[in-house]
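Input: a single structure, listed below in structure tokens.
Residues take their numbers from the sequence shown, with the count starting at 1. All values below were derived from every heavy atom in this structure, side-chain atoms included, with hydrogens, water molecules and symmetry-related copies excluded.
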Amino acid sequence: MICAEFYSDKSSGAISLKVEGHAGAAKKGKDIVCAAASVLAYTAAQAVQWQFEDGCLRKKPRIELDDGECIIVAKPKDEHYNIVLHTFWVAQAGFHLLAQSYPQYVELKSFGHAAE
């Protein structure tokens, strides 16, 4: 099962996405649920990287993308907080749709405190 977890905490300034697991809906390379989750994770990672390059973040984001695991942590500057949060919100909306369509393969969690 894929578990996607979103965290945001404006007081610490951190916003994060953590994705772990494999859907197991089909064989490796044929699993459309895993493919969809991968696209969401990689898209969020690229958007956060661009936001860093554009000067929207306090420091370089933590981006780890590996087979069955994704961690993205961003600390936006105050004036860019809502823009960066929106990036994570869009990814969260995608994972929500996946969890709704494939509840046996995807779980979504959202928390109010960011993981470091």
Side-chain angles (χ1 to χ4, degrees):
M1 175 171 268
I2 294 170
C3 182
E5 298 178 353
F6 290 86
Y7 302 86
S8 66
D9 182 12
K10 195 164 185 177
S11 66
S12 74
I15 307 168
S16 65
L17 162 63
K18 180 179 180 182
V19 183
E20 292 183 312
H22 292 281
K27 291 181 182 179
K28 188 173 182 174
K30 306 270 184 201
D31 192 330
I32 63 168
V33 179
C34 270
S38 293
V39 166
L40 289 168
Y42 275 81
T43 300
Q46 184 60 64
V48 167
Q49 180 61 36
W50 284 334
Q51 289 166 339
F52 170 68
E53 292 168 8
D54 288 344
C56 297
L57 306 182
R58 294 179 188 274
K59 63 180 186 176
K60 186 174 180 168
R62 177 180 172 196
I63 298 175
E64 298 176 23
L65 300 166
D66 202 358
D67 186 23
E69 186 173 5
C70 162
I71 298 172
I72 304 167
V73 181
K75 289 195 173 187
K77 294 177 180 175
D78 291 342
E79 63 272 22
H80 299 289
Y81 186 87
N82 288 334
I83 293 168
V84 177
L85 181 63
H86 187 262
T87 296
F88 285 84
W89 183 85
V90 169
Q92 184 175 1
F95 277 104
H96 172 77
L97 290 170
L98 273 180
Q100 195 172 42
S101 297
Y102 302 98
Q104 67 275 37
Y105 301 120
V106 181
E107 178 182 24
L108 173 63
K109 296 178 182 178
S110 295
F111 301 97
H113 299 288
E116 295 297 322

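Taking the six-membered ring for Trp and thresholds of 30 and 60 degrees, His86 and Trp89 have nearly parallel ring planes, at less than 30 degrees apart.
Of all heavy-atom pairs spanning Ala41 and Leu65, the tightest one is O-CD2, 4.5 Å. Shortest non-hydrogen contact noted between Ala25 and Val33 is CB-CG2, 4.0 Å. The shortest heavy-atom contact between Pro61 and Gln49 is CG-OE1, 4.2 Å. Nearest heavy-atom pair, Glu5 versus Cys3, reported as atom, atom and distance to 0.1 Å: OE2-SG, 3.7 Å. Ala23 approaches Ile2 most closely through the heavy-atom pair N-CG1, 3.5 Å.
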Chi angles and distances behind the side chain to side chain contact (heavy atoms under 4.5 Å, CB included) call for Leu98, Leu40
CA-CA 10 Å; Leu98 273 180; Leu40 289 168; 3.9 Å; yes
Begin with the C-alpha distance, continue with both residues' side-chain angles, and end with the deciding distance and a verdict on side chain to side chain contact (heavy atoms under 4.5 Å, CB included) for Ile83 and Cys56.
CA-CA 9 Å; Ile83 293 168; Cys56 297; 5.5 Å; no
Please evaluate residues Ser16 and Ile71 with respect to the criterion side chain to side chain contact (heavy atoms under 4.5 Å, CB included), reporting the C-alpha separation (whole Å), side-chain torsions for both, the decisive distance (0.1 Å), and the verdict.
CA-CA 7 Å; Ser16 65; Ile71 298 172; over 6 Å; no
Decide side chain to side chain contact (heavy atoms under 4.5 Å, CB included) for His80 and Leu57; before the verdict, give the C-alpha distance in whole Å, the side-chain angles of both, and the deciding distance to 0.1 Å.
CA-CA 8 Å; His80 299 289; Leu57 306 182; over 6 Å; no
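Both Ile32 and Tyr105 sit in one connected hydrophobic cluster of ILVMFWY residues. Membership requires side-chain heavy atoms under 4.5 Å apart, directly or through other members. Note on Val90 and Phe6: separate hydrophobic clusters, where clusters join Ile, Leu, Val, Met, Phe, Trp and Tyr whose side-chain heavy atoms are under 4.5 Å apart, directly or indirectly. Following chains of ILVMFWY side-chain contacts shorter than 4.5 Å, one can reach Tyr42 starting from Leu108, so the two form part of one hydrophobic cluster.
When atom types are taken as modelled, the side chain of Lys77 and the backbone of Gly55 share a donor-acceptor pair closer than 3.5 angstrom. Put simply, the side chain of Arg58 gets close to the backbone of Pro76: a donor and an acceptor are under 3.5 Å apart. A donor-acceptor contact shorter than 3.5 Å is absent between the side chain of Asp9 and the backbone of Ala14.
To the nearest 0.5 angstrom, Ser110 atom OG is 10.0 Å from Leu17 atom CG. Atoms CD and CD, from Glu20 and Glu107 in turn, are 11.0 Å apart once rounded to the nearest 0.5 Å. Atoms NZ and CD1, from Lys18 and Ile72 in turn, are 13.0 Å apart once rounded to the nearest 0.5 Å. Here the OH atom belonging to Tyr7 is positioned 7.5 Å from the NZ atom belonging to Lys109, to the nearest 0.5 angstrom. Taken to the nearest 0.5 Å, the CD1 atom of Ile63 stands 7.5 Å off from the CD atom of Gln46. Note that the OG atom of Ser38 and the CG atom of Asp31 stand 9.0 Å from one another [nearest 0.5 Å].
The number of heavy-atom neighbours closer than 6.0 Å to OH of Tyr81, taken from other residues, nucleotides and ligands shown, is above 12. The number of heavy-atom neighbours closer than 6.0 Å to CG of Leu97, taken from other residues, nucleotides and ligands shown, is above 12.
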